[in-house]
Peer 1: 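Starting off with a structure, shown below.
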Amino acid sequence: TTTTLAPLQYRLPEHLVPYLYDIIVQPYFKADQEPLRYDASVHIHFTCLNDTNTLVLNMKDLNLTSSQLSLLSQSGDTLLDSIEFDYDDERQFLIAELKKDGFKANVNYTFRANFSAHIREDNVGFYKSSYKNENGDDRWLVTSQMEPVEARKAFPCFDEPHLKAR
């Protein structure tokens with residue numbers, strides 16, 4: 001007999017919808033440091049549409065600081081104690097599964113994480129760029145390219161066009 005496996009689902013589940021991102025990025029430009037890097041934090045505010053135990057975000061080439069991960073309900077309850085995190089490299093998914101109480105429909109939540117990453121050189125996510133000042137000296141800066149699905153290389157997020165948020 002031949003076993004047929006179901007194809008992997010590369011789209012995010014539709015039971016959670018983001019409405020606001022708060023992102024803080026601290027780039028480090030040291031002449032003797034290559035590759036350049038940044039530290040960052042993100043707060044993702046989202047609404048649960050249907051009861052679920054799973055939060056799935058897109059993420060690629062980011063280093064989460066697990067001790068800084070938290071998940072809050074709109075009442076301010078921290079749900080971290082009952083969460084297991086996993087990463088699916090092929091689909092670029094960060095998966096958080098609640099083991100006790102799940103997400104409830106029509107309730108807002110906030111996912112908070114601190115992370116670090118390399119400042120990219122391939123013109124996607126957060127990448128380095130430069131310009132020449134009036135004296136002809138190179139000045140470096142970090143810029144971003146988030147479309148069509150490159151935001152996941154800058155911060156954990158719901159990185160699909162129909163899930164855009166402020």
Side-chain angles (χ1 to χ4, degrees), residues 5-28 35-74 78-80 82-99 102-129 140-166:
L5 297 175
L8 282 178
Q9 176 60 261
Y10 287 87
R11 301 291 303 267
L12 294 174
E14 297 185 5
H15 51 267
L16 304 175
V17 177
Y19 60 89
L20 179 67
Y21 289 89
D22 291 323
I23 305 167
I24 297 173
V25 177
Q26 174 60 62
Y28 298 100
L36 300 175
R37 69 177 191 86
Y38 65 95
D39 290 332
S41 67
V42 63
H43 294 188
I44 306 171
H45 305 275
F46 60 93
T47 302
C48 179
L49 300 180
N50 301 305
D51 290 0
T52 182
N53 283 8
T54 307
L55 166 66
V56 182
L57 299 171
N58 294 113
M59 186 178 87
K60 175 76 172 151
D61 299 332
L62 305 175
N63 301 310
L64 289 178
T65 307
S66 60
S67 64
Q68 297 297 322
L69 293 173
S70 64
L71 186 60
L72 301 174
S73 68
Q74 69 188 42
T78 300
L79 306 175
L80 184 63
S82 60
I83 297 177
E84 288 188 14
F85 289 94
D86 195 15
Y87 182 70
D88 181 330
D89 189 55
E90 181 175 351
R91 295 184 291 177
Q92 301 172 358
F93 284 172
L94 174 66
I95 303 164
E97 188 170 333
L98 279 73
K99 292 299 181 189
F103 298 106
K104 302 299 179 201
N106 303 313
V107 175
N108 294 333
Y109 296 89
T110 302
F111 173 79
R112 296 196 262 186
N114 290 349
F115 60 97
S116 64
H118 294 299
I119 296 173
R120 302 180 68 90
E121 297 189 19
D122 57 0
N123 297 344
V124 295
F126 288 128
Y127 65 95
K128 74 177 183 178
S129 187
W140 294 96
L141 60 113
V142 176
T143 189
S144 64
Q145 169 57 36
M146 304 295 179
E147 294 179 355
V149 288
E150 305 297 348
R152 68 188 68 191
K153 296 175 183 174
F155 55 94
C157 59
F158 294 89
D159 195 13
E160 294 188 4
H162 69 286
L163 294 174
K164 289 183 180 180
R166 295 187 356 234

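For clarity, every value in this text was computed on a predicted model and none was experimentally measured.
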Peer 1: Residues in ring-ring contact (aromatic ring centres under 6.0 Å, His included) with Tyr127, at least two apart?
Peer 2: none

Peer 1: Quick one: does Arg37's side chain have a donor or acceptor within less than 3.5 Å of a partner on Tyr28's backbone?
Peer 2: no

Peer 1: Please give me the minimum heavy-atom distance between Phe126 and Met146, naming the atom from each residue.
Peer 2: CE2-CE, 3.8 Å

Peer 1: Pick one: which of Arg112, His43, Arg166, His45 meets side chain to side chain donor-acceptor pair (under 3.5 Å) with Asp22?
Peer 2: His45

Peer 1: Roughly how far, to the nearest 0.5 Å, is the CG atom of Leu49 from the CG atom of Leu16?
Peer 2: 7.5 Å

Peer 1: Has His15 got more than 12 heavy atoms of other residues, nucleotides or ligands less than 6.0 Å from its NE2?
Peer 2: yes

Peer 1: Spell out, as yes or no, whether a donor-acceptor pair under 3.5 Å connects the side chain of Glu160 to the backbone of Leu12.
Peer 2: yes

Peer 1: Just verifying a value: how many Å separate Gln92 CD and Asp159 CG, rounded to the nearest 0.5 Å?
Peer 2: 8.5 Å

Peer 1: Quick one: pull up CG in Leu55 and CD1 in Ile44 and give me the separation to the nearest 0.5 Å.
Peer 2: 7.5 Å

Peer 1: Once the angle between the rings of Phe103 and Phe46 is folded into 0 to 90°, is it parallel (under 30°), tilted (30 to 60°) or perpendicular (over 60°)?
Peer 2: perpendicular

Peer 1: Atom NZ of Lys60 and atom CD of Glu150: how far apart are they, to the nearest 0.5 Å?
Peer 2: 11.0 Å

Peer 1: Give a yes or no on this: more than 12 heavy atoms of other residues, nucleotides or ligands lie within 6.0 Å of atom NZ of Lys128.
Peer 2: yes

Peer 1: Quick check: closest heavy atoms across Pro156 and Leu57, and the distance to 0.1 Å?
Peer 2: CB-CD1, 4.3 Å

Peer 1: Look at Asp61 together with Arg120 and state whether they make a salt bridge at an N to O cut-off of under 4.0 Å.
Peer 2: yes

Peer 1: With rounding to the nearest 0.5 Å, note down the distance linking CG in Leu163 to CZ in Arg11.
Peer 2: 8.0 Å

Peer 1: Might you point out which heavy atoms bring Leu62 and Tyr38 nearest each other, and give the distance in Å?
Peer 2: CD2-OH, 3.8 Å

Peer 1: Using 0.5 Å steps for rounding, measure from the CD atom of Glu97 to the CD atom of Glu84.
Peer 2: 7.0 Å

Peer 1: Under the rule for ring-ring contact (aromatic ring centres under 6.0 Å, His included), what residues qualify as partners of Tyr21, not counting sequence neighbours?
Peer 2: Phe155

Peer 1: Verify side-chain hydrogen bond (donor to acceptor under 3.5 Å, both in side chains) between Glu90 and Tyr10, making sure each step is shown before the conclusion.
Peer 2: CA-CA 9 Å; Glu90 181 175 351; Tyr10 287 87; 2.6 Å; yes

Peer 1: What are the two closest non-hydrogen atoms of Tyr109 and Gly102, and how far apart are they?
Peer 2: OH-O, 4.1 Å

Peer 1: Got more than 12 heavy atoms from elsewhere within 6.0 Å of CG, Leu20?
Peer 2: yes

Peer 1: At their closest point, which heavy atom of Thr143 faces which heavy atom of Ser129, and how far apart are they?
Peer 2: CG2-CB, 4.0 Å

